[in-house]
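Numbers restart at 1 for each chain; the letters A, B, ... are given by sequence-line order, proteins then strands. Treat the numbers as computed from the prediction; the structure is a model and nothing was measured.
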Number of protein chains: 2
Amino acid sequence: MGRWKPNAPGRLATAALELYSERGFEQTTVAEIAKRAGLTERTFFRHYADKREVLFAGAPAMRELFVQAVSDAPRSAAPVDLLVAGFDAVSEMFADRREAARQRQSVITANAHLQERELIKLAKLSAALAEALRRRGVAEPTATLTAEAGVVVFKVGFARWIAPGEEREMAQLLRETLGELKALWPRAASERM
Amino acid sequence: MGRWKPNAPGRLATAALELYSERGFEQTTVAEIAKRAGLTERTFFRHYADKREVLFAGAPAMRELFVQAVSDAPRSAAPVDLLVAGFDAVSEMFADRREAARQRQSVITANAHLQERELIKLAKLSAALAEALRRRGVAEPTATLTAEAGVVVFKVGFARWIAPGEEREMAQLLRETLGELKALWPRAASERM
């Protein structure tokens, strides 16, 4: 029986990310993760179903935070502007985790199954956002299109945030990316002032 | 040795869709599909790796058609308008297949693994479109955002095309959906004429 160690899930996640980065995801065992974290395999399985789960354990909390911010945002002219509230909330959650996010992304990029799981995570986020928008009275197809646009911006903006050498804040990059999505439709000359 | 039967892949696909709809995807065997099509299991495996493959065999051709149309489209004011050429090409490919598409969608909606595979298909389409746009000289992040917007519109517009009772053409629904995505950003009063 070991002494009680605080923050077991966080320490296991840190150990797992280190090992996945050093040796590859496939080559790492739960026993090695537990050992690196100074914990037992039994403790690992108390917190995570398997070694893949370590990489996606934060997804439900992120989704809830995003959805809650969109649900609570003040009424605005366009539903798409509600997304900014969600972007800001998520950016705050990730503020101190840019290096961990870079490590995680490298692991996922190297493994097709993890990439699939990442796609499912984003599809769930989109469905939850669309549902939150409908609850606010946004009609279809606007609710689904706004949610899908939000996920596209999050995906592209997040990739920029973790790009090598990037130092700007995630909230800023997500707002810029949202502006760039809007700018795909240039104003016709007749529409300009 | 059976006589040679024309269009074996098409007949196997039709038989598979019927059986997946009647009995469920999980409950259907390759032997049953071959029998329903009047062919052998051996013939099945000459055309499809497994019973899942039947549902996704058309994806590479659809992707190539879409990408080719975008690559060949005349230069336009905005890269996002290039998507319409792709939408029109794909709509033509699907023209006679609305009922089959409805059947296929019901099968996929009922099975989480098939849904994942569908997400992968769409992610590949997005990556191929972004690459085609970059080859045309479209810079990042515009290329990726345009491709992602195209896939969102395709996904939402396709879902409308196969909705019960819908009779409008896919090309029309995709154009409308593209217009609705653009309309997420209403013009400010100061920007209107």
Side-chain angles (χ1 to χ4, degrees), chain A residues 76-83 112-127 130 133 138-160 163 173-174 176-193, chain B residues 76-83 112-127 130 133 138-160 163 173-174 176-193:
Chain A
S76 71
V80 78
D81 294 324
L82 296 172
L83 294 171
H113 289 294
L114 297 175
Q115 285 171 41
E116 293 172 20
R117 180 67 186 269
E118 187 77 359
L119 291 176
I120 297 164
K121 183 185 92 174
L122 292 171
K124 279 188 183 172
L125 175 60
S126 178
L133 290 165
V138 177
E140 287 296 359
T142 304
T144 293
L145 287 170
T146 302
E148 291 279 355
V151 170
V152 164
V153 168
F154 178 68
K155 197 161 58 173
V156 173
F158 192 91
R160 293 166 86 174
L173 293 166
L174 290 172
E176 278 182 27
T177 307
L178 185 62
E180 285 155 357
L181 182 63
K182 175 183 180 178
L184 292 187
W185 293 275
R187 301 294 152 91
S190 64
E191 291 173 313
R192 286 193 206 109
M193 286 295 281
Chain B
S76 70
V80 77
D81 294 325
L82 296 172
L83 293 172
H113 289 294
L114 297 175
Q115 286 171 42
E116 293 172 19
R117 179 66 185 270
E118 187 78 358
L119 292 175
I120 297 165
K121 184 185 91 174
L122 293 171
K124 279 188 183 172
L125 175 61
S126 179
L133 290 165
V138 177
E140 288 295 0
T142 304
T144 293
L145 287 171
T146 302
E148 292 277 357
V151 170
V152 164
V153 168
F154 177 69
K155 196 161 58 172
V156 173
F158 192 92
R160 292 166 86 173
L173 293 166
L174 290 171
E176 279 183 26
T177 307
L178 185 62
E180 285 156 355
L181 182 62
K182 176 183 180 179
L184 292 186
W185 292 273
R187 301 294 152 92
S190 63
E191 292 171 312
R192 288 193 203 107
M193 285 296 281

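You'll find the side chain of Leu184(B) stays beyond 4.5 Å of the side chain of Trp185(A), heavy atoms only. Contact annotation: the side chain of Pro141(B) never approaches that of Glu176(A) to less than 4.5 Å [non-hydrogen atoms, C-beta and beyond].
Interface residue Arg160(A): only side-chain heavy atoms are found under 4.5 Å from chain B. Contact of Thr146(B) with chain A is made through backbone and side chain together, with heavy-atom distances under 4.5 Å. Contacts of Ser126(A) with chain B are absent, with no heavy-atom separation under 4.5 Å from either backbone or side chain.
Atoms CG and CG, on Leu145(B) and Leu178(A) in that order, are 10.0 Å from each other to the nearest 0.5 Å.
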